[in-house]
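A short write-up of the structure that comes next.
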Number of protein chains: 2
Amino acid sequence: MPGDDPGIERALAKLRVRDVVTPEEERVFTASIAETRVIAAHRQIVRSGTTLSESTLLLDGLACRYKDLANGERQIQEVHVPGDYVDLHGFLLKTLDHNVGALTDVRIALVPHDALREITENHPHLARLLWFSTLLDAAIQRERILSIGRRNAASRIAHLICELYLRMQVSGLAEEGRYALPITQTDIADTCGLTPVHVNRMLRRLRGEGLMTFRGGEVVIHDWDGLVRVAEFDPTYLHLDRRPR
Amino acid sequence: MPGDDPGIERALAKLRVRDVVTPEEERVFTASIAETRVIAAHRQIVRSGTTLSESTLLLDGLACRYKDLANGERQIQEVHVPGDYVDLHGFLLKTLDHNVGALTDVRIALVPHDALREITENHPHLARLLWFSTLLDAAIQRERILSIGRRNAASRIAHLICELYLRMQVSGLAEEGRYALPITQTDIADTCGLTPVHVNRMLRRLRGEGLMTFRGGEVVIHDWDGLVRVAEFDPTYLHLDRRPR
DNA sequence: CGCATAGTTGAGACTATTCAAAAACCGTGG
DNA sequence: CCACGGTTTTTGAATAGTCTCAACTATGCG
């Protein structure tokens, strides 16, 4: 409902980077929000398996999609930044195959599936932009497969740091070479398919090589080109170009 | 155009498993195909970065999405079975961030993006089913992240074998406990984030434990429950339930 | 029949893990 | 303002899982 909530503004900014969004579409998008809610860090936002009738837009804070294994290990499949639709795919899947959790305190907006369905019936272009945003998630997840499958530990971490920098930038949350990332080394380990101990050692290495620092919940990038080289980071997969979709 | 091409039938079967598809929608879906084509094994079907104006439906044979790293290593992000839309996401991404290659000789159908756009404008329910099918790819890729990130080598391979068994079944290409999988151990290695040598050893182990055999391009599952246990395979993520979407 | 590709096996090396413990940090309450 | 308990980070040593390198065998195709 709120006219220009900064969180909604971030979600719109994310769309605007990829295509022209008409004022009418922005109005429909904003009007689709039924309510906003605050959830504490480490709480679940959506639990795997429950039938859903609304989708969740992340307005503030960091969240993630994750799955647990029988032995208690956790794999984070995607880290979400403000402006991300964390379970838009739940609209058509009807039930999620993974959990969505709050990495920090978060503020979310709830969008009824009826409203989304209405958009697919009457606003096909806006519907395509929403579809696109789920495709972007998929692209990010594919890049994670590459990272975990074929890159070494230092490279995986460097890649994650590069990706989040650009994604935070789109949401207007990164300054020149730095951004807030108030998560733990264990969260990074769960994202990169590593152990916390090894993440710690690799972070030290990246710091020692003057590439970046991760401390006190903040990332500072000292040598972007160097970090990109270590990560073999190519931002093509983020599709940061405005085109008719 | 061909009325009931078995390949198109497989694609429709994949949709029908998840929701009711009306005869009118089947007609529109079939009519969206502009032409079919044959491509030899190991050829590229879609190259990363090129601007696309049509999407590709896999009618026969096996294909994959993959990326190469600078050192020549390859990571397969998804294996495609007949009936899969291998680059439906290209409709809105406009350019792929990865390659699509033929693992075997394949037969494909090309669908112009104009036709897809038309579907989003005039057939919202069918459009949602297409959207759904890209969400299913994303779910499969998320499960791969979990596999590569947190499962050991034997478990990853077992998981892939279980997944492909169910997906081939949906396309009507699996018999009781067996299916054709004419790919190499190197392909499996590139899918699971392993080396061919290690895949070979793990396949021997799975065979030795009486769980499954992969030989001569065919998978034979001797002990489904045992294989599921090793893989920690839970098919929820394949969303094999028919629901209004 | 011969060559090319794919699969198999062994030995040794290396990356990342496990286990363990200490140090630093943080919010809370006295 | 400091003490306290819990969490997170850091460090070390030993281990395990997977990789690398290398060679040999089997298979399929022309």
Side-chain angles (χ1 to χ4, degrees), chain A residues 40-43 62 69 71-76 101-105 147-160 180-208 212-220 230, chain B residues 40-43 62 69 71-76 101-105 147-160 180-208 212-220 230:
Chain A
H42 312 122
R43 275 270 154 62
L62 297 170
L69 240 34
N71 64 3
E73 286 187 303
R74 177 176 72 151
Q75 178 65 46
I76 292 178
L103 289 169
T104 66
D105 290 346
S147 236
I148 299 181
R150 291 297 182 214
R151 288 190 242 260
N152 64 28
S155 181
R156 281 180 222 181
I157 295 168
H159 195 280
L160 178 67
L181 188 67
I183 65 177
T184 67
Q185 295 185 2
T186 299
D187 294 328
I188 294 178
D190 287 343
T191 306
C192 294
L194 298 167
T195 56
V197 171
H198 202 53
V199 166
N200 182 279
R201 293 191 234 265
M202 293 302 108
L203 282 172
R204 178 152 52 94
R205 181 144 107 200
L206 292 171
R207 196 183 327 132
M212 58 155 289
T213 308
F214 171 71
R215 187 190 290 289
E218 190 181 42
V219 169
V220 181
V230 167
Chain B
H42 312 123
R43 276 269 153 62
L62 297 171
L69 241 32
N71 64 4
E73 287 188 304
R74 178 176 70 150
Q75 177 65 45
I76 293 178
L103 287 169
T104 67
D105 291 346
S147 236
I148 300 180
R150 293 293 182 218
R151 289 190 241 259
N152 63 29
S155 181
R156 285 180 220 179
I157 295 168
H159 195 280
L160 177 67
L181 189 67
I183 65 177
T184 66
Q185 294 185 0
T186 300
D187 294 328
I188 293 177
D190 287 343
T191 306
C192 295
L194 299 165
T195 56
V197 172
H198 201 56
V199 166
N200 182 280
R201 291 191 235 266
M202 293 302 107
L203 282 173
R204 178 153 51 94
R205 181 144 105 201
L206 292 170
R207 196 184 328 131
M212 57 155 288
T213 307
F214 171 71
R215 186 190 292 285
E218 188 181 44
V219 169
V220 181
V230 167

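Proteins come first, then strands; the chains are lettered A, B, ... in the order of their sequence lines, and each starts at number 1. Not measured: the values here are computed from a predicted model.
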Checklist entry - With a 4.0 Å cut-off on heavy atoms, is B:G193 in touch with a base, just the backbone sugar-phosphate, or nothing at all? => result sugar-phosphate
Checklist entry - In whole angstrom, what separates B:I157's CD1 from C:dG7's P? => result 12 Å
Next on the checklist: In this structure, how many angstroms lie between the P atom of D:dT20 and the CG atom of B:L194, rounded?
Outcome noted: 11 Å
Checklist entry - Hey, does the side chain of A:N200 come within less than 4.0 Å of D:dT10's phosphate (OP1/OP2), counting only N and O? => result yes
Checklist entry - Rounded to whole angstroms, how far apart are CG on B:D190 and C1' on D:dC19? => result 14 Å
Checklist entry - Whole-Å distance between C:dT17 C1' and A:M202 CE? => result 12 Å
Item to check | Distance test, side-chain N/O of A:R215 to OP1/OP2 of C:dC25, below 4.0 Å | outcome: no
Checklist entry - Looking at C:dT17, D:dC21, D:dT9, which one has an atom nearest to any side-chain atom of B:V197? => result D:dC21
Checklist entry - In whole angstrom, what separates B:H198's NE2 from C:dT8's C1'? => result 15 Å
Next on the checklist: What contact category does A:L203 fall into here, base, sugar-phosphate, or nothing, at under 4.0 angstrom with non-hydrogen atoms?
Outcome noted: nothing
Next on the checklist: Strictly below 4.0 Å: does B:Q185 bring a side-chain N or O up to OP1 or OP2 of C:dT8?
Outcome noted: yes
Item to check | The single option from B:D190, B:I148, B:L69 passing side-chain contact (heavy atoms from CB on, under 4.5 Å) against B:Q75 | outcome: B:I148
Item to check | Along DNA chain D (nearest heavy atom to each residue), the more 5'-positioned of B:A153 and A:F214 | outcome: A:F214
Checklist entry - Separation of A:R150 atom CZ from C:dA16 atom P, in whole Å? => result 14 Å
Next on the checklist: Within the 4.0 Å heavy-atom criterion, would you say B:R204 contacts the bases, only the backbone, or no part of the nucleic acid?
Outcome noted: sugar-phosphate
Next on the checklist: Heavy atoms from C-beta onward define the side chain here; which of C:dA6, D:dT20, D:dT11 lies closest to that of A:R201?
Outcome noted: D:dT11
